[in-house]
Structure formats: C-alpha cells, structure tokens
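Okay, structure first, notes after.
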Amino acid sequence: MPSAESTPASVDESDFVPPTRNDEVARSGSELIGGPLGRRALLGTSWWNPVRVIALVAIGVFALGLVQKAPCYDGAWFFGASSQYTHACYSDIPHLYQGRGFADGLVPYFDKLPGDMQYLEYPVLTGVFMEVAAWLTPGSGSIQDQEQWYWMVNAGMLMACAAVIVVCVSRTHARRPWDGLLVALAPAFALTATINWDLLAVALTASAMLMWARGRSLAFGVLLGLATAAKLYPVFLLGPLFVLCWRAGKWRDFGKALGGAVVSWLVVNLPVMFFAFDGWSKFYTFSQERGVDFGSFWLIMAQNSSDPLSTETVNTFATLLMLLACAGIAALTLTAPRRPRFAQLAFLIVAAFILTNKVYSPQYVLWLVPLAVLARPKWRDFLIWQACEVAYFLGIWMYLAYTTSGNAHKGLPTDGYHWAIGLHLMGTAYLCAMVLRDILMPERDVVRLAGDDDPSGGVLDRAEDVFVLGAAAHRPRHAAQFDGPQVEWGSEPGTTDRSL
C-alpha cells in the first residue's frame, strides 16, 4: 500500500478514462462536438487540457445563469411583488443588501438590525463574504443602483467559487477529469448559483475533498472547518469519514482531519463569539426556531393537516430521522462487501440531511452537485436528478407567484407545488438508490470498473480492512455475475482481480 506522500498528485493523460467510452449518454452527447474520443486521439499535446476546458465551460454556463437573472436585474427585484417569481429569477442577494444593514454600513453580528431580524442569520465566514462584497460596492447612486452593484460584485466572487469547484472535482479523481463536466453543465447549478451565498461553502468543501484525495489529512480538516464556518452541512462529512477510517484503521489521519477542522472553525468563530455572542448565535437559534418551510415533505404534511406539528416537534422528528440515517450509513460502511468510497458516503450523508430537513431552499442543490458527480459519475442518472431539480426550481417560483399575485392567481397552486416537492424528493432518493446499489454491488460502480479503488479516498485508497462486520468479514465467492475488471484490496494501480 502506498503512503500518503507517495500517492501521485497527477497521472499521465494517456491514463484518463474518457466518459464517451463507457457511458452511452456521454457518447451520444459527444456527437455535438465531433463524436467520441478515439483510441488514437492525441492527448496532452496542447494547452487545452481537460481541467482548463471544463473551467472555461463552467464560467460560460455560469454566465448564462447570470443572463437568466436579467429580467430581475432590470427591474423585477425592485418593482412588482410577483414579477421576480414569474420570471424565476429571484435572488436573496440584492434584497439583503439593505435588509441586513450593508447599505447603512452596519457591522454584521455586532450591530443590531432594524426590523424582526435583529442580527445577520448566516454563519460567520458567509457574513465576512457578504461584508467584503459590500466594501466593493459603490456607495453612490440610488439604492437600486447599489443593490444592482452588490449583486454583480457577489456574482463575480461566486463565479470564482464555481471555477474552484469544477477544478477541484476534475482533479479529485485523477484518472477521470472529464467527470467535472457534469458539474460545469449542470442546469440546476447555473440556475441557483446566485440565489444565495452557498457556493462559498461548496467551494471550500470541494477543495477539502481534493486535499483528502491527495492524502493531505490536515489540509482537508482545515478546509472543512472553514466550510463549516460558512455553512453547516460540511461538518456531516466527518461522520462517514470516521467510520471509513475505523474500518481501515486510519485513526491518525482522521485525528489530523478532525483537529484541523476544529481549530480552523474556532479561529473564524471565536472572535465573533467572544465579542458579539448574540449576533454570532443568531444563525443557530434561527435554525432551531424557524418553522416548516419550502421544499420539505414536512410542508406537504403541514399544508394537508388541520392540526400541523409544532416547530419543536418537527425539530425532534427531523433530528431522529437524521440520526437513523447516520446509523444506517455507518452500518452500511462496516458491512458492505467492499469498503465504500468516501465520495459515496459524503453524498449519502448530505442527501439524508436534505431529505429529512424541515426546509429545502432551491440553492441547496449546490451542496449535492459536486458530491453527486464524485459518487455516481453516470450521465443518465445525473441528468434524471437534475431534471427533477429544475422542475422544483420552476415549481417554487411559480408557487410564490401564485401566492403573491392576489386574486389573479398567476402561477402554481398549492397542490401543484406539492408535486414539485415530490419530484425533488424522488429525484434525490433515486440518486441515493443508485449510489447504494454501487456500494452493495461494487462491480457496478463506474469508478471501480476502470480499475480504481477509491480515488477520492486518499489514505483509504487500496488500504486493507482492519474492522468489518457481518458478511464483509468473510470473503464472498461471488458478489454478482459480472465479467468486468475489479480491484483487489492492496493491489497496485492498474492491476485487477476477478475473483470477487
């Protein structure tokens, strides 16, 4: 087994796994640009390597997402209650420029805000991001001009985050850089990228995943701690990583990751926590006090019940469901016929949080896109899920148009919106099912079909198991009838074994 220091940071381009050779949808789609990559294609002969091409595609698609917001930029954010919904171009960013005191020069977390929301309800690093954008926004002109500038400045900063994400995803699986094209072309990614500030946490999480894939456990922890200081969801990745390291006996690496995460999170949060505790804690108290909201199955239950559950009860049940999901993922990790890949479990744990949570804002899909690509880089399944998410994206805005258009009732009524929520839930559950199938039947995992073990696993890649439960403790004679290449534990890259 290679050490972390000897794990290669890059591979020769001749070893790349082109998706057009083993993915029917990718092969069909490639006809638009000249057809599948041939066996004698010359790779690595120009500046245009896969990562650079994908980064430029991502920037181009991101720009199309900005164009989609043009009706709101030109007036729908400022005039008419429902026009920003009928055009499906809503964004929190311009509204919160004034609503959270940035237009008045108030300091987040330290200065109280006028209105019902006394303090900024975002984690500290996201608040810093918002404040930096406010510093870069010209203070002259009308409030509309300033809000337009503020959105544009944030859009530029978020575009940089998007570029970081696709580069990290493309490089995490060293032999599969073209998988990053799934992120770059994801329609839901472009549509939701500038609704809120989630791309900051997503970029830090993608960077952390890349560091773990390179065997840099401490750097992974530092970046994951920073990501958690920007959004809560990245901390969930430590759970499956703990169980994976337990199965592989990699306690030292997990300890470095955990220590780095705790220290970096504290470095960001302690100053604000110490000097402005009420403002710092607003994010956590708001998350607890917030009632059932858009996009969750809890909302469907509440809107179809004459006696809906209280917020406290929903919090309890949602927490219990999440704990059950965590227990199930832990059991799966320790009993699977082969140790699951880190990206697979990272996707499942974040998806579980999204499915059980009491709110699902449309931009939350950004959390899953990079993890979904690393967990299941299959174009058909990814596009099915994306179609469901685009349907939900349109559904929530049409529902809000309906509720804000008065007697005109323009948009989607409540029952229609419930169907949109159902599509989102079914699409996410479908992708989870495909990942679970890959874990239970690893011979179907498209990443492992190419002869890899866990290219995002870092020190876990090709590591021997030291603790397993159930049938995994006994070598199976046949996992399934399959005639493709499979990796044996402890084998060197490129060697295969068909005895499983």
Side-chain angles (χ1 to χ4, degrees), residues 1-4 6-23 26 37 43 50-51 54 168-183 206 209-216 220 240-241 244-245 247-248 250 333 336-348 370-379 381-382 434-465 479-480 482-500:
M1 183 187 71
S3 65
S6 64
T7 302
S10 61
V11 296
D12 187 87
E13 293 197 19
S14 62
D15 292 331
F16 286 169
V17 180
T20 56
R21 292 182 185 170
N22 53 24
D23 191 302
L37 187 69
L43 298 174
V51 175
I54 292 168
C168 289
V169 171
S170 297
R171 299 184 69 183
T172 296
H173 290 176
R175 297 181 64 228
R176 304 182 61 90
W178 288 109
D179 289 343
L181 199 59
L182 283 163
V183 180
M209 292 289 290
L210 176 60
M211 289 299 100
W212 182 263
R214 297 290 176 83
R216 299 174 62 180
F220 163 83
L241 186 62
L244 285 170
C245 289
R247 178 163 174 166
K250 299 295 183 181
T333 304
R338 290 178 59 179
R339 189 172 57 249
R341 293 188 288 109
F342 179 35
Q344 292 174 319
L345 299 185
F347 170 79
L348 289 177
L371 299 177
V373 170
L374 295 173
R376 176 72 177 170
K378 191 75 172 177
W379 281 79
D381 298 333
F382 185 82
M434 293 297 100
V435 174
L436 284 170
R437 187 188 68 171
D438 288 346
I439 293 173
L440 295 173
M441 304 179 69
E443 66 278 357
R444 292 180 175 269
D445 184 352
V446 295
V447 174
R448 284 174 164 163
L449 279 176
D452 291 317
D453 172 29
D454 186 1
S456 62
V459 296
L460 301 170
D461 189 26
R462 300 183 301 277
E464 297 283 351
D465 285 333
F482 183 77
D483 204 24
Q486 298 182 47
V487 175
E488 181 67 76
W489 292 125
S491 63
E492 293 299 320
T495 62
T496 60
D497 184 84
R498 298 188 182 187
S499 61
L500 289 182

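Position 1 is the first residue of the sequence; numbering continues from there. As the structure is a prediction and not an experimental result, all values here were calculated from the model.
- Contact check for S170 versus P50: no side-chain heavy atoms found under the 4.5 Å cut-off.
- With sequence neighbours excluded, the residues satisfying ring pair (Phe, Tyr, Trp, His ring centres under 6.0 Å) with F220 are W212.
- Taking I439 as the reference, L332, A336, P340, Q344, L345, L348, V435 meet the side-chain contact (heavy atoms from CB on, under 4.5 Å) condition, with sequence neighbours excluded.
- Here the CZ-CG distance, from R247 to L460, works out to 11.0 Å after rounding to the nearest 0.5 Å.
- Remark: D461 CG to R339 CZ distance equals 8.5 Å, nearest 0.5 Å.
- Applying the side chain to side chain donor-acceptor pair (under 3.5 Å) criterion to S456, with sequence neighbours excluded, gives D454.
- Atoms CG and CZ, on L244 and F342 in that order, are 7.5 Å from each other to the nearest 0.5 Å.
- The minimum heavy-atom distance linking V183 with V373 is given by the pair CG2-CG2, 3.5 Å.
- Partners of D381 by side chain to side chain donor-acceptor pair (under 3.5 Å), not counting sequence neighbours, listed by chain and number: R376, Y430.
- Taking both residues in full, the closest heavy atoms of L371 and A346 are given as CD1-O, 3.8 Å, listed atom of the first, atom of the second, then distance.
- Annotation: the span from D438 atom CG to R448 atom CZ amounts to 9.0 Å, rounded to 0.5 Å.
- Rounded to the nearest 0.5 angstrom, D179 CG and K378 NZ are separated by 11.0 Å.
- Looking at residues two or more places apart in sequence or on another chain, you find a side-chain contact (heavy atoms from CB on, under 4.5 Å) between P370 and I165, V169, V202.
- Residues P455 and V447 meet the side-chain proximity criterion, which asks for heavy atoms closer than 4.5 Å.
- A pairwise comparison of heavy atoms in D453 and A463 identifies OD2-N, 4.4 Å as the closest pair.
- Here R341 contributes atom CZ and L374 contributes atom CG; the two are 8.0 Å apart, rounded to the nearest 0.5 Å.
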